[in-house]
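Below, chains carry the letters A, B, ... as their sequence lines are ordered, and counting in each starts from 1.
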There are 2 protein chains.
Amino acid sequence: MSNSAAVPAEPRRGRPGYDRRGALEVAVRVFNEHGYDATSMGMLATRLGLSKSAIYHHFDSKEHLLEAALDEALGGLEQVLDEPGARRGTQTARLTYVVRRAVEVLVDRLPYVTLLLRLRGNTAVERAALERRRRFDDAVSALVRAAQVDGAVRADIDPAIATRLVFGMVNSLVEWYRPTGPEGARQQAGGLGRSPIVGAGQLADDVLALVLDGLRRR
Amino acid sequence: MSNSAAVPAEPRRGRPGYDRRGALEVAVRVFNEHGYDATSMGMLATRLGLSKSAIYHHFDSKEHLLEAALDEALGGLEQVLDEPGARRGTQTARLTYVVRRAVEVLVDRLPYVTLLLRLRGNTAVERAALERRRRFDDAVSALVRAAQVDGAVRADIDPAIATRLVFGMVNSLVEWYRPTGPEGARQQAGGLGRSPIVGAGQLADDVLALVLDGLRRR
DNA sequence: GTCTATAAAGAGATAGAC
DNA sequence: GTCTATCTCTTTATAGAC
């Protein structure tokens, strides 16, 4: 869970008085609205209700904000691979588990994962994050290959390509999905129109249905 | 075809002497490497082998460069919907046609479409492009719905969600696919590792196989 | 933990010569 | 079609007070 219990969303009620994590949460939201590069420290300050220099009390630099956010996203994904469901069972079960959990992590840490998925590798921090992400992809790719050898997954698609296509679909969720619930679908900056309303569980079901069996009716 | 016959790629051989289109082609490549916002006119000038002010001879502003590039991408996609294959035949055939052609357009105009897919909607130009893209999505969504009514496509997934998932997969191609052929897979800026080697036709086949029938063997 | 003030660099864009 | 020189504004970041 990336949010503790019932933390409010934007500028805290009452006085600001941010801690590191609270400031990060708001910053990441703004990064995702405008893009990391297009977001200035001035914009962050405005959204936080602080002066620019106050931000530097919490983070050494703009890039440190990015680094902290990316770690949040990558940590979540990497953990999935260590969970029992990803390490035991048939290859197909393991693969299914990882895809489902990846959707859940993505939804749970949506802003952090969104930021991760939009990196261009402009700096050392960004490149290190992309490298961690690549290692995750490689692990999933090995799962797909194993499932093919098992005979449970079609072997006429290259496993590396299948992995990229499947995670292309999963990752694209950050472009439109907004959690439902008390405050779901609140703001939709830069969006492509209203999100269909669906919970995280149903979403994972849909993704897996499509990935495993496709659109065509039989 | 977005490239005329055998046009070289980066700084032309011999003297620069760019025309509007040649300059745009290089600029879009740089935009994609670093992200539009992170790309300065100075960086463009260096890559073009020109001074900053020379760029302003071809384009009024940085945003005009973006606008021209986005039009290239959107024009290609919108055209697909007008082609006979998208307008005649069974709903499933029409849907299949549109997905396949979308993959082809994406590959053919890869840099332009890549730029389009990374917009955040920061400016009026960007928002207008996102709106054109949304209209394309809506048209495809209508096709999915029609195919469901027809009974050829599973009806247990919301058509808007199915469309987003399918095009999430298609659009994710810009993150890793590099055309094969004489000069395929040349540079891979900001990449996630080497691309699997595959032609555009095979790629469209793989996407459609996955989208229509899924990974699971039967 | 926050502020004002400011430094230093880089941004997009223009003027005018060749 | 390209150049040098320059304007103006914004950027990230720091200094030092409260």
Side-chain angles (χ1 to χ4, degrees), chain A residues 7-8 10-28 30-31 33-70 115 119-120 122-126, chain B residues 7-8 10-70 115 119-120 122-126:
Chain A
V7 172
E10 201 77 348
R12 305 280 242 269
R13 290 176 297 247
R15 299 194 358 277
Y18 288 99
D19 58 1
R20 216 180 122 92
R21 205 190 163 72
L24 180 61
E25 201 175 312
V26 176
V28 169
V30 185
F31 283 156
E33 287 171 19
H34 305 294
Y36 172 75
D37 290 299
T39 304
S40 71
M41 296 299 275
M43 295 169 65
L44 291 183
T46 302
R47 278 288 285 271
L48 283 160
L50 297 178
S51 67
K52 282 191 292 176
S53 60
I55 302 175
Y56 286 96
H57 176 75
H58 297 289
F59 295 91
D60 286 349
S61 66
K62 187 185 172 187
E63 198 165 27
H64 256 73
L65 275 160
L66 180 63
E67 195 169 22
L70 295 177
L115 198 57
L119 292 189
R120 299 305 312 135
N122 286 335
T123 65
V125 166
E126 297 188 24
Chain B
V7 172
E10 201 76 347
R12 306 279 242 272
R13 289 176 298 244
R15 297 192 3 274
Y18 288 99
D19 58 2
R20 218 180 120 94
R21 205 191 163 73
L24 181 61
E25 202 175 312
V26 176
V28 168
R29 206 192 316 272
V30 184
F31 284 155
N32 285 329
E33 286 171 20
H34 305 294
Y36 172 75
D37 290 299
T39 304
S40 70
M41 294 299 275
M43 296 168 65
L44 291 183
T46 301
R47 277 289 284 273
L48 284 160
L50 297 178
S51 66
K52 282 194 291 178
S53 60
I55 301 174
Y56 287 95
H57 175 75
H58 299 287
F59 295 91
D60 285 349
S61 67
K62 189 185 173 188
E63 199 166 23
H64 256 74
L65 275 160
L66 179 64
E67 196 169 23
L70 295 177
L115 198 58
L119 292 189
R120 299 305 311 136
N122 286 334
T123 64
V125 165
E126 297 188 23

key: Side chain to side chain, A/Met43 and A/Glu33, heavy atoms closer than 4.5 Å   = no

inquiry  = Could you tell me how far apart B/Phe59 (CZ) and C/dT14 (C1') are, to the nearest whole angstrom?
reply    = 18 Å

task = Please check the phosphate of D/dT10 (OP1 and OP2 only) for any side-chain N or O of A/Ser40 closer than 4.0 Å.
result = no

query = D/dT10 P sits how many Å from A/Leu44 CG, rounded?
reply = 17 Å

key: Spatial distance of atom CG (A/Leu70) from atom CD (A/Glu126) [nearest 0.5 Å]   = 7.5 Å

request  = To the nearest Å, give me how far apart CE (B/Met43) and P (C/dG12) are.
outcome  = 10 Å

task = Take atom CG of A/Leu48 and atom C1' of C/dT2, then tell me their distance rounded to the nearest Å.
result = 12 Å

query = How long is the span from the CG atom in A/Leu44 to the NZ atom in A/Lys52, to the nearest 0.5 Å?
reply = 11.0 Å

key: For atom NE2 of B/His64 and atom C1' of C/dA13, their distance in whole Å   = 14 Å

query = Heavy atoms, side chains only, cut-off 4.5 Å: are A/Tyr36 and A/Glu63 in contact?
reply = yes

Separation of atom CG in B/Leu66 from atom P in C/dG12, rounded to whole Å = 13 Å

ask   = Can you check whether B/His57 has a side-chain N or O nearer than 4.0 Å to OP1 or OP2 of D/dG1?
value = yes

ask   = Tell me, do B/Arg29 and B/Asn32 make a side-chain contact under 4.5 Å, heavy atoms counted?
value = no

Nucleotides 13-18 of chain D: protein proximity per nucleotide (B base, S sugar-phosphate only, - neither; heavy atom, under 4.0 Å) = BBB---

Separation of C/dA11 P from B/Tyr36 OH (nearest whole Å) = 14 Å

message = My understanding is that only residues two or more places apart in sequence, or in another chain, count here; which of them pass side-chain hydrogen bond (donor to acceptor under 3.5 Å, both in side chains) with A/Ser53?
response = A/Ser51

